[in-house]
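A quick write-up on the structure given underneath.
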Number of protein chains: 2
Amino acid sequence: MVMDDQLTAVFAALADPTRRALLQRLTESDANVAELAAPFEMSQPAISKHLRVLEGAGLITRSRHATARFSHLEAEPLREATEYMEKYKRFWTKSFDKLDAALAAYTEQPHTTEEEENNA
Amino acid sequence: MVMDDQLTAVFAALADPTRRALLQRLTESDANVAELAAPFEMSQPAISKHLRVLEGAGLITRSRHATARFSHLEAEPLREATEYMEKYKRFWTKSFDKLDAALAAYTEQPHTTEEEENNA
DNA sequence: CTACTCTATAACCAAATGGTTATGGATGAT
DNA sequence: ATCATCCATAACCATTTGGTTATAGAGTAG
């Protein structure tokens, strides 16, 4: 993957159940790597890798405290990704399409048949 | 990737600029493969692959019409993914965190120092 | 300074991803 | 029937991904 933009990085980061679970955990509180790794059966380096991906997408920030490194949820990129997807809200129900077809039929040319509803 | 659930499939599908562009194109109208492939410099089989990924995520459905196969946007999975992300709305601004900290400080135990704000 | 704790990095591996070219299959037209 | 069109599939390839174990590094404690 070329990881072109922020959006790509965020969606790629979310496309993994482990990383989604890490984000979920971080909604409760900041946490160090050991805490984050505890619920999973995978190794600590694997969790560190996932955290790096999340950090790369801007979904978490990290800070030191003694030897521990705490992860902190940064949900702003999620907001941007949500905004992107909400552009498709108009298509979330078929009713909008049918409304469009009806409107088009009555404005462009009166008394069209139903064939126009199959746009191509 | 294990492609566990629908959410994983949808985010993985969105984690590619070409596929996002295909979805964008399909907001205008249904289209056959040749039309969809036209704006891109990649080969037709590459586009077919991307369409299969989108179909696998439930983001498009397909139908035949003569030799052509038309893709149709199905945005419902996007709605579900948006709902998932909106669970993080609460964390989209720092102000909520600070409000929480203030509330915790005043309800759990009066006159706490600022150290408690660093949750761990 | 040494030892310990917590985490990152290195090196490696299997599988998935995103692309290619070449070919095959289904459908419509002549 | 044959041919043309549109698309899918096969076979292949390079890169990325997600995991492993082993080791190194940064910080704290004694």
Side-chain angles (χ1 to χ4, degrees), chain A residues 1-5 7-23 25-26 29-57 59-72 118 120, chain B residues 1-23 25-26 29-57 59-72 115 118 120:
Chain A
M1 193 178 307
V2 190
M3 200 64 81
D4 324 59
D5 47 23
L7 211 48
T8 295
V10 170
F11 285 134
L14 292 175
D16 183 286
T18 301
R19 288 194 289 265
R20 289 199 301 273
L22 290 170
L23 291 179
R25 166 64 184 81
L26 289 174
S29 71
D30 294 1
N32 64 24
V33 177
E35 279 180 280
L36 292 172
F40 299 98
E41 290 187 347
M42 68 185 71
S43 65
Q44 168 262 311
I47 298 296
S48 284
K49 276 195 182 182
H50 281 305
L51 292 175
R52 262 174 64 93
V53 173
L54 290 172
E55 189 176 23
L59 289 165
I60 65 170
T61 50
R62 315 180 76 182
S63 60
R64 277 203 176 286
H65 223 278
T67 62
R69 297 199 66 189
F70 285 85
S71 294
H72 174 78
N118 299 324
Chain B
M1 192 179 308
V2 190
M3 201 62 83
D4 325 58
D5 47 23
Q6 180 81 0
L7 211 49
T8 296
V10 170
F11 285 135
L14 292 175
D16 183 285
T18 301
R19 287 193 290 263
R20 290 199 301 274
L22 289 171
L23 290 180
R25 167 63 185 81
L26 289 175
S29 70
D30 295 0
N32 65 24
V33 176
E35 280 181 280
L36 292 172
F40 300 98
E41 289 187 348
M42 69 186 70
S43 65
Q44 169 261 312
I47 299 297
S48 284
K49 277 195 182 183
H50 281 305
L51 292 175
R52 263 173 62 94
V53 173
L54 291 172
E55 189 177 24
L59 288 164
I60 65 171
T61 50
R62 315 180 77 183
S63 61
R64 275 203 177 287
H65 222 279
T67 64
R69 296 199 64 189
F70 284 85
S71 294
H72 174 78
E115 290 181 20
N118 297 324

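Chain identifiers are assigned alphabetically (A, B, ...) following the order of the sequence lines, protein sequences preceding nucleic acid strands; residue numbering begins at 1 within each chain.
- Using a 4.0 Å cut-off, some side-chain N or O of R19(A) falls inside it from OP1 or OP2 of dG18(D).
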Taking only N/O atoms, report every protein-nucleotides 20-23 of chain C pair under 3.5 Å with atom names and distance.
unit_1  : atom_1 : unit_2 : atom_2 : d
dT20(C) : OP1    : S43(B) : N      : 3.4
dT20(C) : OP2    : S43(B) : N      : 3.0
dT20(C) : OP2    : S43(B) : OG     : 2.6

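- Between R69(A) and dA8(C), a side-chain N or O to OP1/OP2 separation shorter than 4.0 Å is present.
- Among residues two or more places apart in sequence or in another chain, the side-chain contact (heavy atoms from CB on, under 4.5 Å) test is passed with A68(B) by N32(B), F70(B).
- The side chain of H50(A) has dG19(D) as its nearest neighbour among dT7(C), dT9(D), dG19(D).
- Remark: R19(B) engages A13(B), D16(B), H50(B), V53(B), L54(B) in a side-chain contact (heavy atoms from CB on, under 4.5 Å) (not counting sequence neighbours).
- Between R52(B) and the phosphate of dC7(D), there is no side-chain N or O to OP1/OP2 separation shorter than 4.0 Å.
- Judged by distance alone, the side chains of S71(B) and R25(B) never bring a donor and an acceptor atom under 3.5 Å apart.
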* **Heavy-atom protein contacts under 4.0 Å, nucleotides 24-30 of chain D, coded B base, S sugar-phosphate only, - none** => --SBS--
* Structure fact -> Base-pair string, DNA chain C, Watson-Crick plus G-U, cut-off 3.5 Å on both distances, | for inter-strand, is ||||||||||||||||||||||||||||||
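- Computed from coordinates, the E35(A) CD to dT5(C) P distance equals 17 Å when rounded to whole Å.
- Per the geometry, CG belonging to L51(A) stands 11 Å off C1' belonging to dA8(C), to the nearest Å.
- Every residue meeting the side-chain contact (heavy atoms from CB on, under 4.5 Å) condition with A46(B), not counting sequence neighbours, appears here in chain and number order: M42(B), S43(B).
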